[in-house]
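Below you'll find the structure, written out as structure tokens, and then a few comments.
These numbers come from a predicted model, not from an experiment.
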Amino acid sequence: YGSALLAGVAAGVTGLDIDEEAVAHARATYAGRTGLRFEQASATALPLPDASVDVVVSFETLEHLPREDQPRMLAEFARVLTGDGLLLLSAPNPVEYSAMRNYRNPFHLHEPSRDELERVLAVAFPARRWFRQRRYFGSALWSEDREGAVEALAGDAAHVDEAPPPAAMYFVVLAARDAAALPDATLRL
């Protein structure tokens with residue numbers, strides 16, 4: 001469904017999955033959508049020509065590969081991206097996703113730490129902008145006169161301060177070969 005969502009705003013989208021049944025399901029579900037196709041392939045061997053893709057979107061894929069295959073996946077992304085292409089990648093933060101919840105996803109073969117993810121990305125994508133993602137529930141109050149401005153406060157009757165952002169459940173990274181390819185730093189995902 002993510003590929004179908006992207007196809008609503010992109011000139012063309014190729015959704016890839018290693019599982020042929022998942023690909024068959026996606027093809028049947030989204031048959032007839034213009035500019036959208038699905039292919040069965042491993043993330044370590046993409047069936048796409050060199051420098052043929054403007055943006056690679058990889059949400060929660062990396063951790064499904066063994067540690068030794070993760071650099072190959074990122075190298076494949078770099079291979080298919082144009083010179084000023086962008087990688088938008090998300091991966092779980094193993095501290096919050098697994099350790100703090102005492103949870104083990106049986107389909108995750110290796111969840112890299114932020115430092116490890118930084119190192120493995122740096123090989124092909126020296127320019128990176130990091131974001132944090134987490135469901136964050138609470139009560140919010142904002143002015144209708146200030147579009148996009150939200151103030152979050154936390155405290156008690158004795159003291160109130162700006163609320164700190166929560167720890168990342170997922171890392172989201174916008175990466176490129178060159179910092180000039182990254183959009184303006186004020187981009188909100």
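Within the structure, every pair that satisfies the ring-ring contact (aromatic ring centres under 6.0 Å, His included) test and touches residues 80-123, not counting sequence neighbours, is listed here: His64-His108, Tyr97-Tyr103, Tyr97-His108, Tyr97-Tyr170. Evaluation of the ring-ring contact (aromatic ring centres under 6.0 Å, His included) test over residues 68-89, restricted to residues two or more places apart or in two chains, returns none. Under the ring-ring contact (aromatic ring centres under 6.0 Å, His included) criterion, no residue pair touches residues 24-53, with sequence neighbours excluded.
Proximity of Val173 to Leu87: side-chain heavy atoms (C-beta onward) are nowhere separated by under 4.5 Å. Looking at heavy atoms from C-beta onward, Pro112 lies out of side-chain contact with Arg67 at the 4.5 angstrom threshold. Looking at heavy atoms from C-beta onward, Leu89 lies in side-chain contact with Leu74 at the 4.5 angstrom threshold. When side chains are defined from C-beta on, Asn93 does not count as touching Met169, because their heavy atoms never get closer than 4.5 Å. Put simply, the side chain of Gln133 does not reach to within 4.5 Å of the side chain of Phe131, judged on heavy atoms. Counting heavy atoms from C-beta on, the side chains of Leu174 and Pro183 come closer than 4.5 Å.
Residues that satisfy the side chain to side chain donor-acceptor pair (under 3.5 Å) test with Ser113, not counting sequence neighbours, are absent from this structure. Every residue two or more places apart in sequence or in another chain was checked for a side chain to side chain donor-acceptor pair (under 3.5 Å) with Arg33, and none qualifies.
Side chain of Asp17 to backbone of Glu20: no donor-acceptor contact under 3.5 angstrom is found. Using modelled atom types, one side-chain atom of Arg79 and one backbone atom of Leu46 make a donor-acceptor pair closer than 3.5 Å. A donor-acceptor pair under 3.5 Å is formed between the side chain of Ser52 and the backbone N or O of Pro49.
Considering all non-hydrogen atoms of both residues, Ala175 and Arg128 come closest at CB-CG, 4.0 Å. Closest heavy-atom contact between Arg177 and Thr82: NH1-O, 2.8 Å. A pairwise comparison of heavy atoms in Glu39 and Pro47 identifies CB-CG, 4.4 Å as the closest pair. Considering every non-hydrogen atom in both Leu65 and Met73, the closest pair reads CD2-CB, 4.0 Å. The minimum heavy-atom distance between Ala78 and Ala124, with the atom names listed, is CB-CB, 3.7 Å. Taking each heavy atom of Leu36 and Ala4 in turn, the nearest pair found is CD2-CA, 3.8 Å.
Using a 4.5 Å cut-off between side-chain heavy atoms of Ile, Leu, Val, Met, Phe, Trp and Tyr, with links allowed through other members, Met100 and Phe171 fall into different hydrophobic clusters. Residues Leu88 and Val9 do not share a hydrophobic cluster, clusters being chains of Ile/Leu/Val/Met/Phe/Trp/Tyr side chains in contact below 4.5 Å. Follow the hydrophobic side-chain contacts under 4.5 Å out from Leu81 and you never reach Leu182; the two are in separate clusters. The hydrophobic clustering, which links ILVMFWY residues whose side-chain heavy atoms are closer than 4.5 Å, places Leu121 and Leu86 apart. Note: the hydrophobic cluster containing Phe125 also contains Val120 (ILVMFWY, side chain heavy atoms under 4.5 Å, direct or indirect links).
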Sequence neighbours left out, cut at 3.5 Å: what donor-acceptor pairs do the side chains of residues 55-63 make with other protein atoms?
from, atom 1, to, atom 2, distance (Å)
Ser58, OG, Thr61, OG1, 3.1
Glu60, OE1, Ser90, OG, 2.2

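Between Glu96 and Arg101 there is no salt bridge, since no side-chain nitrogen of the basic residue lies less than 4.0 Å from a carboxylate oxygen of the acidic one. A salt bridge does not link Arg119 to Glu116: none of the charged nitrogens lies less than 4.0 Å from a carboxylate oxygen. The pair Glu111-Arg104 does not meet the salt-bridge criterion, since no charged nitrogen lies less than 4.0 angstrom from a carboxylate oxygen.
Gln70 CD to Leu109 CG: the interatomic distance, rounded to the nearest 0.5 Å, is 8.5 Å.
Other residues, nucleotides and ligands place no more than 12 heavy atoms under 6.0 Å from the CD atom of Glu21. At most 12 non-hydrogen atoms from other residues, nucleotides or ligands lie less than 6.0 angstrom from CG of Asn102. Other residues, nucleotides and ligands contribute only 12 or fewer heavy atoms inside 6.0 Å of the CZ atom of Arg132.
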